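Here the structure is a predicted model, which is why all the values come from computation and not from measurement. Numbers restart at 1 for each chain; the letters A, B, ... are given by sequence-line order, proteins then strands.
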Amino acid sequence: MTESHHPSSPEIAARAQALRREIDEHNYRYHVLDAPTIPDAQYDRLLRELEAIEAAHPEWVTDDSPTRRVGARPVGGFATVRHELPMLSLANAFSDGEVHEFVRRIGERLAAADAASLTFSVEPKFDGLAVSLRYEQGQFVRGATRGDGESGEDVTANLRTIRAIPMRLRGDDVPDVLEVRGEVYMPRAAFESYNERARASGGKIKPMVNPRNGAAGSLRQLDPAITAQRPLAFYAYAVGVVAFAPGAGALPPAHSQLLAQLRQWGFPVSPLVAVARGGDGCLDYFRRIGAQRDQLPFDIDGVVYKLDDLGLQRELGFVGRTPRWAIAHKFPAQEQTTVVEDIVVNIGRSGAATPTARLAPVFVGGVTVSNATLHNADQVARLDVRIGDTVIVRRAGDVIPEVVAVVREQRPQAATPWVMPAHCPVCGAHIEREQGEVVARCIGGLSCAAQRVQAIFHFASRRAMDIDGLGEKIIEGLSDFGHVRSVADLYRLTLDDLLEMKRLADERKPAAAEAGSTTPEPAKGGKVATRWAENLIESIARSRRTTLARLLYSLGIAHVGESTAKALANWFGQLDLLRHAPWPILKAVPDVGDEVARAIDHFFAEAGNQRVLDALLAGGIVITDAHPPSPALAAALTVDNTLAAMAIARITPRRAAQIGEGCGSLAMAFAIDADVLRARGVPDDAIAALHAVAEHAPGRALIARCDAAIDAIVASAPASAGASAPLDGKTFVLTGTLAALSREAATAELEALGAKVAGSVSKKTDAVIAGDAAGSKLDKARALGIAIWDETQLLQLLSEHGRA
DNA sequence: ATACCTCGAGTTCG
DNA sequence: CTCGAGGTAT
């Protein structure tokens, strides 16, 4: 429209009509062909132009205009619609055998010579909401939910808001009446972003439990304006009533062709539909779709096989409301409902009290689940899970089951909110929760049997001391019968100790053995038990030779995991230097800050822990990789002893420089009078900080200990670094499965060359080494433009430097 | 102070 | 794997 020329009414009306056609066309290209030809912004411009015209000329608005997708809000509930042809329900198959049986039955009834050659139209079974859409003379007139199959709810206004549903059929040969059946669903991405916003809203918007509930809830909104904001989509998969004008046309003879026809009429049909031959073809399809399931942009709960020939379908007919010619082959459910029988508290090695839901066993995602963690009290409160509640349990792409939501309608009257118990169920000590922390902890420490067992279990674990065959049950036995109180006791165990423990443990639970347990437990005191005990003793003996990093990690010091243990071992080199280092010294190690340094200091300050360490050494532990402390550590510490003083007085580097300028060194600063310092230009707050330490006896003692520790470290450190490691400062990330090396071996090789192997990709990563079936890390590397190597390149790098 | 980036700890079933 | 929280760079 130009500014000078005022278009006549007929011109504008024509423009409006053209816009409607164009917008419909773009909807079709986007939703049905999945091949948009204009950017979203341009689409929006067209829509706005049409809206403007219609606002100026309401008399031209047509019922099927794309602007009319959001209609008026219905009063009260939804009207009930009776389906002229009932909407079917399908029989289910859960195994290959049931599918073969289904095909065999059809072959038999049709007296087909060769059931294996029957063809089926096969398609994914969407996890959404089935609806029926009615078109008269090509216009969308009504849509209803499936309901009970006989009648559903009239959700026409809401269905209009779904762009994937055409308001008008395309083409000329359209039937007088057409009912299309299909599934309204919510794409996963839309579900995720909706929940993202819900979380960001801080509770104002309630997150959806899953895409299916999201779709169902959205479609049942009384206000179509709300539905319009929910990103719903639609796939057509069948027809109901179809009536052509006399002589005007007919449906094709096969279901697969019917789907093609629906696509031509303007309906989205899943691109995954296919044709399969015989039971084996169907099962091939099932596996192919199953393999893609996690990658699909929408949820499916199985696949559907329909005998392709519509004539044969008619011949077979129905049993009740389910057709003989179709079956749904379901994947193992990823979500199930079950009942929370109890909520118990588990105590971890750090005393963390973790609530766990004891569930009535339920088959989810291929395994029977009877436990699910609830993480912490906050999570329990968020979900408001109570004993006796019916809950939805999921086992998503991950392995670990989780409680997704509570089904409020099925809550027993008597159920009360769950609260974290005040006392440890194992040792009776208080359970306390630090201000601002999420986890509650049993404060019993090692006097709590649970924490003792967990501590020993951790000590023996593969990445720690690697004692093969020392499992939780055995440790419990050894602990209960007094053979092992601390990890050091493991190295004093005798064959007799183990055999006696086994005997006592077996006596304690004879009932279980008599209850017809299938595992024969004979020869308890005999050869088998002896052999077991010998193996365990041998495993323990083997573990004596270890590395400093492993030993440190084994101790279970708070905040000291594998990585920190390695850093400490590399920098200090020797246990003796480390076990007496005050925390300001520990802070010199990269990635060790106040919190971690204090935790280590605190651990070694416990006389009991030092005794255990001595006992371990007395028990024959040998550190095979002891070496002098790193020159870098010595260098960091000798900068005028400033490090320790800075840490204690919380003096920042900038301030330390100011003080240093004023009096030569920080150490000197402690000896100089406040007035003199002030006269030399040292700021008052710096002086106050120095004094706080100097006048505080523990502070002075700490500085003295730091001095001693620094002397010891400097004395034993080599003068300077030799040739630096070839890959010093490089960071790698491993992903996927490597063929020649295990992931652990590859890590060890790279670290031997001085490289760091990180767990996740960031912009600091130098290269990502991708093995087979690499996952999200690879995508992230691509997004960040990080070098991606294959295994060959890794092996080449290693051999260049004389490894592997 | 703030915004990453890492690390640690807990977790289920066969 | 996922969350929480510690460490460090900005």
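More than 12 heavy atoms of other shown residues, nucleotides or ligands fall within 6.0 angstrom of atom CZ in A:Arg188. Shown here is A:Asp468, whose CG atom has no more than 12 heavy atoms of other residues, nucleotides or ligands within 6.0 Å.
In this structure, CD1 of A:Ile600 is placed 15 Å from P of B:dC7, rounded to the nearest angstrom. Taking atom NE2 of residue A:His375 and atom P of nucleotide C:dC1, one finds them 15 Å apart after rounding to whole Å. One can place CD1 of A:Ile557 at 16 Å from C1' of C:dG6, the figure rounded to the nearest angstrom. As rounded to whole Å, 11 Å separates atom P of C:dG7 from atom CH2 of A:Trp583. Nucleotide C:dG6 holds its C1' atom 16 Å from the CG atom of A:Leu586, rounded to whole Å. Rounded to whole Å, the distance from CD1 on A:Ile347 to C1' on B:dT11 is 15 Å. Between the C1' atom of B:dT12 and the CZ atom of A:Arg358 lies a distance of 12 Å, rounded to the nearest Å. What separates CD of A:Glu402 from P of C:dT2 is a distance of 10 Å, to the nearest Å.
Look at A:Thr354 and you'll find a side-chain N or O under 4.0 angstrom from OP1 or OP2 of B:dT11. For the OP1/OP2 pair of B:dC13 and a distance below 4.0 Å, the side-chain nitrogens and oxygens of A:Asn371 include at least one atom meeting the criterion.
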Before giving the answer on salt bridge (Lys or Arg N to Asp or Glu O under 4.0 Å), spell out for A:Lys587 and A:Asp594 the whole-Å C-alpha distance, their side-chain angles and the decisive distance to 0.1 Å.
-> CA-CA 7 Å; A:Lys587 267 190 67 167; A:Asp594 267 19; 2.9 Å; yes
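With B:dA9, B:dC13, C:dG7 as the candidates, the nucleotide lying closest to the side chain of A:Ser350 is B:dA9. Of the listed nucleotides (C:dG6, B:dC13, B:dG10), C:dG6 has the atom at the smallest distance from the side chain of A:Glu595. When distances run from any side-chain atom of A:Thr368 to the nucleotides C:dG6, B:dT11, B:dG14, the shortest one goes to B:dG14. The side chain of A:Arg349 has B:dA9 as its nearest neighbour among B:dA9, B:dT12, B:dT11. Considering only the side chain of A:Val596, C:dG6 comes nearest among B:dG14, B:dT12, C:dG6.
Scanning residues 559-568 of chain A for heavy-atom distances under 4.0 Å to DNA chain B yields A:His559, A:Val560, A:Gly561, A:Glu562, A:Ser563, A:Thr564. A heavy atom closer than 4.0 Å to some atom of DNA chain C occurs in A:Glu437, A:Val438, these being the qualifying members of residues 437-451 of chain A.
With salt bridges taken as basic N to acidic carboxylate O contacts below 4.0 Å, none links A:Asp301 and A:Arg293. Salt bridge A:Asp384/A:Arg382: absent, no basic N to carboxylate O contact under 4.0 Å. Using a 4.0 Å cut-off between charged nitrogen and carboxylate oxygen, A:Arg358 and A:Glu341 do not count as a salt-bridge pair.
Counted by atom type alone, A:Asn371 and A:Thr356 present zero donor-acceptor pairs between their side chains at under 3.5 Å.
Annotation: cation-pi geometry not satisfied between A:Arg386 and A:Trp418 (NZ/CZ under 6.0 angstrom from ring centroid, within 45° of ring axis).
Minimum interatomic distance between A:Asp601 and A:Leu586 (heavy atoms only, all atoms of both residues): N-CD1, 3.9 Å.
Comparing A:Thr356 and A:His458 along DNA chain B, the residue whose closest nucleotide (by nearest heavy atom) sits nearer the 5' end is A:His458.
By the salt bridge (Lys or Arg N to Asp or Glu O under 4.0 Å) test, A:Arg441 pairs with no residue at all, sequence neighbours left out.
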